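For reference, the structure discussed in these notes is given below.
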Number of protein chains: 2
Amino acid sequence: MRKSPAFTRAEPDARRASLIEAAARVLARDGVAGTSVRAIALEAGVSPGLVNHYFAGIDALVAETYAHVEARVAEAIDAALDVAGTDPRARLDAFVTASFAPPVASGELLATWIAFWSLVRSRPEIARQHDEQYAAFRARLEALLGDCGLPSARQRHAAIAITALIDGLWLELCLSPHAFTAAEAGEIARFALDALL
Amino acid sequence: MRKSPAFTRAEPDARRASLIEAAARVLARDGVAGTSVRAIALEAGVSPGLVNHYFAGIDALVAETYAHVEARVAEAIDAALDVAGTDPRARLDAFVTASFAPPVASGELLATWIAFWSLVRSRPEIARQHDEQYAAFRARLEALLGDCGLPSARQRHAAIAITALIDGLWLELCLSPHAFTAAEAGEIARFALDALL
DNA sequence: GCGCTTGTTATACGAATGTCCAACAAGCAA
DNA sequence: TTGCTTGTTGGACATTCGTATAACAAGCGC
């Protein structure tokens with residue numbers, strides 16, 4: 001009888017990805033307090049030492065997890081935009097509606113955001129990453145607003161406003177799902193867009 | 001020569017308050033990662049054991065620190081309302097302006113909020129506290145909106161919207177002070193109020 | 001001045017943390 | 001099959017964490 005392998009080797013990129021996904025699951029399930037190198041390694045079915053073999057430290061893994069989760073959020077929103085068709089205003093509505101529906105607005109994602117935010121003030125490189133991802137989110141919204149005919153002179157403030165409104169509603173929706181509904185959040189955001197355009 | 005006292009007794013309420021204020025300072029200075037029972041006790045000039053003598057645990061202390069800091073924020077906003085006088089719209093403008101000026105919008109407060117948010121999902125009693133403080137904030141805004149003549153049927157959604165807008169702008173202002181200025185945040189919020197009223 | 005209450009200290013404790021590293025073995029190349 | 005590269009393991013390591021507790025002393029009431 002051949003001894004079964006004690007472990008299997010993986011492509012470095014695949015292994016990195018599986019660790020990042022494990023980190024996202026642990027953050028979603030156990031929150032910030034329950035997230036550690038050991039918990040992530042256990043979730044990934046891997047020994048603890050491997051985490052430091054692939055990442056400079058736990059903070060770097062959290063930062064990459066945030067980037068990964070945000071990318072999946074962007075994909076979900078893109079998918080909603082595709083479904084909405086080509087009408088600019090319909091696409092804008094789809095953008096906000098998708099922002100308040102699973103999997104984007106889900107309390108499970110919140111822990112990843114909180115873990116990332118807690119690193120921003122003390123880690124310059126993470127502050128830079130945050131600035132880049134915030135700018136990208138806002139730029140996408142500016143483009144959608146421009147497609148709806150908003151003059152370019154007003155796009156900056158409008159995008160800042162809608163981004164803040166979405167973030168604020170999203171945060172509150174994740175923190176206390178009973179204060180108001182996702183449908184109400186959508187109505188509020190679309191009303192703001194009506195007033196803006 | 002009389003030996004100087006090794007420690008001084010304090011009124012229980014005063015001691016609790018000094019511990020809460022020490023916790024706020026540690027959170028502001030060292031962030032979530034640098035906050036521990038020992039660090040707070042050191043900051044308060046007190047032995048570590050005393051923290052557990054006054055609080056059920058570190059989480060309870062964080063929750064009380066959040067309540068205390070939020071109360072000071074409310075005081076700062078109240079002071080701004082007093083300065084604004086009696087005109088309802090001027091008071092509303094003062095509300096948002098104060099929300100984006102120190103000491104309310106300051107990166108140092110962010111760590112306290114983040115530490116509190118990280119407890120909301122796993123601690124039912126802290127979720128309840130959050131719901132109460134959010135409801136109080138929104139109720140105050142609803143009253144101000146009502147004074148400006150907003151029909152009561154629209155007050156709920158308007159207050160949710162403005163609260164979210166302020167929260168989103170405040171959060172981004174704390175996370176990356178260079179994306180936009182406090183003055184811009186004020187302009188944006190006042191513009192939203194113009195559209196709403 | 002004395003005793004008693006209790007706020008306070010100092011330390012101990014076990015558990016958990018992040019980081020590190022020498023040994024191991026999987027699986028490709030020869 | 002053999003050898004070698006290197007992904008992977010598993011535990012050691014020094015800290016640090018939160019909590020608990022016995023001894024201490026500050027300062028009020030008498």
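Proteins come first, then strands; the chains are lettered A, B, ... in the order of their sequence lines, and each starts at number 1. The structure displayed is predicted, hence computed values, not measured ones.
- Atom CZ in A:R9 sits roughly 5 Å away from atom C1' in C:dA26 (whole-Å rounding).
- Distances shorter than 4.0 Å separate none of the side-chain N or O atoms of A:Y54 from OP1 or OP2 on D:dG7.
- Put simply, CG on B:L42 is 15 Å from C1' on C:dT9, counting in whole angstrom units.
- Shortest non-hydrogen contact noted between B:V26 and B:A39 is CG2-O, 3.9 Å.
- The local environment of CZ in B:R72 is sparse, with at most 12 non-hydrogen atoms from other residues, nucleotides or ligands closer than 6.0 Å.
- B:H53 has its NE2 atom 13 Å from the P atom of D:dT21, to the nearest Å.
- In this model, the phosphate group of C:dA10 is not approached by any side-chain N or O of B:S47 to a distance below 4.0 Å at OP1 or OP2.
- Counting to the nearest Å, the C1' atom of D:dG7 and the CG atom of A:L19 are 12 Å from each other.
- For the side-chain contact (heavy atoms from CB on, under 4.5 Å) with B:L92, the qualifying choice from B:D147, B:T97, B:L141, B:L196 is B:L141, the only one to do so.
- In this structure, the side chains of B:Y66 and B:Q129 come closer than 4.5 Å at one or more pairs of heavy atoms.
- DNA chain D is contacted by both B:T35 and B:T8; B:T35 maps to the nucleotide lying nearer its 5′ end (nearest heavy atom per residue).
- To the nearest 0.5 Å, atoms CG (A:L150) and NE2 (A:H157) are separated by 12.0 Å.
- Atom CG of A:L50 is separated from atom P of D:dT9 by 6 Å (rounded to the nearest Å).
- For A:L61 and C:dT17, the CG to P distance is 14 Å, given to the nearest whole Å.
- Rounded to whole Å, atom P of C:dA16 lies 18 Å from atom CD1 of B:I58.
- Atom-to-atom, CZ of B:R15 to P of C:dT8 comes out at 4 Å; the value is rounded to the nearest Å.
- Residue B:R38 places no side-chain atom within donor-acceptor reach of the base of D:dT16, judged by atom type and a 3.5 Å distance cut-off alone.
- Both A:A10 and B:G57 lie close to DNA chain D; mapped to their nearest nucleotides by heavy-atom distance, the more 5′-ward contact belongs to A:A10.
- Contact between the side-chain N/O atoms of A:N52 and the OP1/OP2 oxygens of C:dT19 is found at a separation under 4.0 Å.
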